[in-house]
Amino acid sequence: MEKIVPDLADLPVALVRIGFGEFVANFDPLRPRQINWLMHREKVPNHLKVLLDLFLLCREVGIPDLPDNLDWIPAVLVRYHLADVTEGRTLRLRHNMALLPILGRWLFCNPPGTGSKYYVGDDSLALMTRVMPSMGGTVLDLCAGSGLQSLHCAGWARQVTSVECDAEVAALARVNVLLNSLGDRVTAFQGDLFEPVLGQRFDMVIANPPLLPYPDALPDHPIGQGGSNGMHVTCRILNGLQAAMADRGHAQIVSACLTDRFNQGLYDLVSPIARNHGLDIKVSVLSMQDMTENGHSIQAVIRAVAEEISAELETVRQAYVDLLRQRNATHLSFLLLLVTHGNGAIDMTDMSVPGSADLWHVDPL
């Protein structure tokens, strides 16, 4: 009998059978945090520890330490450019990636706080839980990253088209499609927004674009950069939706905007787009963070940006202080947009709760 050589699509089944999937499922699937996995690592058997180290904790592991029935894993990971092998003895996933089971799909990505190249964050998960694809319809996933939204929508849609501008990230999205055996339902392209699908129309368009407000005075850095108000890429998407949505189609977009306390700046930004393109836009403002000069929120943004671009804190701080003054902005609003064909109507609902620590959902009372 010919021996069956395992491949990438066999990895999820193997990890479920050995208990890896069960371990991850014990934690909140919408808040994957390495600190939680690390705190409970010592409670699992030794054969599972090595898998947690490799696939969750971004650690180098000894190949001989892998369970005997999983000795094929290094060859598969190397074949798909997911891991590096050192002297044939140690193995480590590339780019601080982890392998996350998320609501039935498996995803190679950077978990929150470990990297931005193959980003998956709380905004990604907030959009995933919100999208409402039509059964048997078609979906366009823009700014698709490593493919989380596309994989999720494939459970309902007849066909999902994924578009990501970064060639290396788009390549990982294709790997994740194979990992989940969805090659017949998901097609991943590398390109700029609507460019790879010009002339096509979709029942649903979803997008998790770069949304971090980023001062023009700082060095150009593409990761997460949403322009000076956070909405630069979002507005480009809105401007292209009329041609991309089917007659009864809709779009769902997660975004953020530097604005004033009453979101007038946000309204003034999206209202002309809605009128010019015949769109109705429902805006749900889920949280508003105070961005005054000494507030906690702006300090967190300053630290994150300074680390990402390797710049001095004071340089980044001054750039953001100047940006807020230029835009007369006092708050950063986190929002989700529901867009349909219409007459240019804007329906804005401010659901934010002052002092809320949750950016993407309304805190329970």
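Sequence positions, counted from 1, serve as the residue numbers for this chain.
- Shown here is Lys49, whose NZ atom has more than 12 heavy atoms of other residues, nucleotides or ligands within 6.0 Å.
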Candidate pair Asp358 and Leu286, rule side-chain contact (heavy atoms from CB on, under 4.5 Å), full reasoning:
CA-CA 9 Å; Asp358 195 331; Leu286 299 180; over 6 Å; no
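- With hydrogens and angles ignored, the 3.5 Å screen pairs a side-chain donor or acceptor of Asn176 with a backbone N or O of Ser146.
- Distance check: His47 NE2 to Leu66 CG gives 12.0 Å after rounding to the nearest 0.5 Å.
- Looking only at distances, no side-chain donor or acceptor of Asn36 sits under 3.5 Å from a matching main-chain atom of Pro32.
- Checking side-chain atoms of Gln242 against main-chain N and O of His277 turns up a donor-acceptor pair under 3.5 Å.
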Thr86/Glu60 under side-chain contact (heavy atoms from CB on, under 4.5 Å): CA gap, chis, key distance, verdict:
CA-CA 10 Å; Thr86 303; Glu60 186 175 70; 4.0 Å; yes
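- In this structure a side-chain-to-backbone donor-acceptor pair under 3.5 Å is missing from Ser271 to Asp268.
- Atoms CG and NZ, from Leu336 and Lys282 in turn, are 14.5 Å apart once rounded to the nearest 0.5 Å.
- With contacts defined as side-chain heavy-atom distances shorter than 4.5 Å, the pair Phe23/Leu51 does not qualify.
- Of the possible polar contacts, none joining the Arg201 side chain to the Ala244 backbone as a donor-acceptor pair under 3.5 Å is found.
- Crowding of Asp184 atom CG: a count of heavy atoms from other residues, nucleotides or ligands under 6.0 Å exceeding 12.
- Within 6.0 Å of CZ on Phe27 lie more than 12 heavy atoms contributed by other residues, nucleotides or ligands.
- With Arg94 contributing its side chain and Asp84 its backbone, the two residues share no donor-acceptor pair below 3.5 Å.
- The two residues Ser352 and Ser287 have their closest heavy-atom pair at CB-CA, 3.6 Å.
- The minimum heavy-atom distance linking Glu168 with Asp166 is given by the pair N-OD1, 2.9 Å.
- Of all non-hydrogen atoms in Leu211 and Val254, the two that sit nearest each other are CD2-O, 4.2 Å.
- Taking each heavy atom of Ile281 and Val270 in turn, the nearest pair found is CD1-O, 4.3 Å.
- Salt-bridge check for Asp28 with Arg33: failed, with every basic side-chain N at 4.0 Å or more from each acidic carboxylate O.
- Between Phe108 and Phe55, the two ring planes are tilted [angle within 30° to 60°].
- No option in Leu15, Leu70, Leu54, Val44 other than Leu15 meets the side chain to side chain contact (heavy atoms under 4.5 Å, CB included) test with Phe20.
- Smallest separation of non-hydrogen atoms from Ile102 and Pro29: CG2-O, 4.5 Å.
- Lys117 is listed as a side-chain neighbour of Asn110, based on a closest heavy-atom distance under 4.5 Å.
- A donor atom on one side chain and an acceptor atom on the other are not found under 3.5 Å apart for Tyr267 and Asp260.
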Could you go through the side-chain hydrogen bond (donor to acceptor under 3.5 Å, both in side chains) check for Ser228 and Asp216 one step at a time?
CA-CA 6 Å; Ser228 60; Asp216 293 335; 4.8 Å; no
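- Under the 4.5 Å side-chain contact rule for hydrophobic residues, Val163 and Val169 do not share a cluster.
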Can you give the donor-acceptor pairs under 3.5 Å from side chains of residues 186-199 to other protein atoms, not counting sequence neighbours?
unit_1 : atom_1 : unit_2 : atom_2 : d
Thr187 : OG1    : Gln159 : NE2    : 3.4
Gln190 : NE2    : Cys165 : O      : 2.7
Asp192 : OD1    : Arg236 : NH1    : 3.3
Asp192 : OD1    : Arg236 : NH2    : 3.3
Asp192 : OD2    : Arg236 : NH2    : 2.7

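- Side chain of Arg89 to main chain of Ile63: no donor-acceptor pair is present (N/O by atom type, distance under 3.5 Å, no hydrogens or angles).
- With Asn229 contributing its side chain and Leu258 its backbone, the two residues share no donor-acceptor pair below 3.5 Å.
- Asp7 and Arg79 are joined by a salt bridge, as a carboxylate oxygen and a charged side-chain nitrogen come within less than 4.0 angstrom of each other.
- Judged by distance alone, the side chains of Ser333 and Asn263 do bring a donor and an acceptor atom under 3.5 Å apart.
- Put simply, CG on Leu337 and CE on Met348 are 8.5 Å apart, with the number rounded to the nearest 0.5 Å.
- A donor-acceptor pair under 3.5 Å links the side-chain atoms of Thr259 to the main chain of Leu266, judged by distance alone.
- Neither side chain, Asp247 nor His341, offers a donor N or O lying under 3.5 Å from an acceptor on the other.
- The number of heavy atoms from other shown groups lying within 6.0 Å of CD (Glu312) does not exceed 12.
- At most 12 heavy atoms of other shown residues, nucleotides or ligands fall within 6.0 angstrom of atom NE2 in His296.
- Within the 4.5 Å cutoff, the side chain of Arg303 has heavy atoms near those of the Leu313 side chain.
- Applying the 6.0 Å contact sphere to CD of Gln200 captures more than 12 heavy atoms from other residues, nucleotides or ligands.
- Within a 6.0 Å radius of CD in Glu307, no more than 12 heavy atoms belonging to other residues, nucleotides or ligands are found.
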Applying side-chain contact (heavy atoms from CB on, under 4.5 Å), run through Val160 and Gln149 and close with a yes or a no.
CA-CA 10 Å; Val160 180; Gln149 312 300 337; over 6 Å; no
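- Under the 4.5 Å side-chain heavy-atom criterion for grouping Ile, Leu, Val, Met, Phe, Trp and Tyr, Leu103 is connected to Val131 within one hydrophobic cluster.
- The shortest side-chain heavy-atom distance between Asp122 and Leu359 does not fall under the 4.5 Å cut-off.
- Under a 3.5 Å cut-off, the side chain of Asn343 and the backbone N or O of Ala345 do not form any donor-acceptor pair.
- Note: Ser162 OG to Arg174 CZ = 8.5 Å, rounded to the nearest 0.5 Å.
- Note: the hydrophobic cluster containing Leu338 does not contain Ile206 (ILVMFWY, side chain heavy atoms under 4.5 Å, direct or indirect links).
- Residue Met288 is not grouped with residue Leu212 when hydrophobic side chains (ILVMFWY) are merged at heavy-atom distances under 4.5 angstrom, including chains of intermediate members.
- The closest side-chain heavy-atom distance from Met291 to Pro213 is not below 4.5 Å.
- Ring geometry, Trp360 versus Phe334: the interplanar angle exceeds 60°, so the pair is classed perpendicular (tilted spans 30 to 60°).
- Atom CG of Asp68 sits in a sparse spot, with 12 or fewer heavy atoms from other residues, nucleotides or ligands closer than 6.0 Å.
- Between Val233 and Cys143, some side-chain heavy-atom pair lies under the 4.5 Å cut-off.
- Between Val139 and Phe202 the shortest side-chain heavy-atom distance does not fall below 4.5 Å.
- Cluster membership for Met128 and Ile237, using ILVMFWY side-chain heavy atoms within less than 4.5 angstrom, is not shared.
- Heavy-atom minimum distance, Ala256 versus Leu335: CA-CD2, 4.1 Å.
- For the atom pair NE2 of His250 and CG of Leu241, the computed distance is 11.0 Å after rounding to the nearest 0.5 Å.
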Would Thr292 and Ile298 count as a side-chain contact (heavy atoms from CB on, under 4.5 Å) here? Give the steps.
CA-CA 7 Å; Thr292 50; Ile298 191 172; over 6 Å; no
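- Residues Asp53 and Arg41 meet the side-chain proximity criterion, which asks for heavy atoms closer than 4.5 Å.
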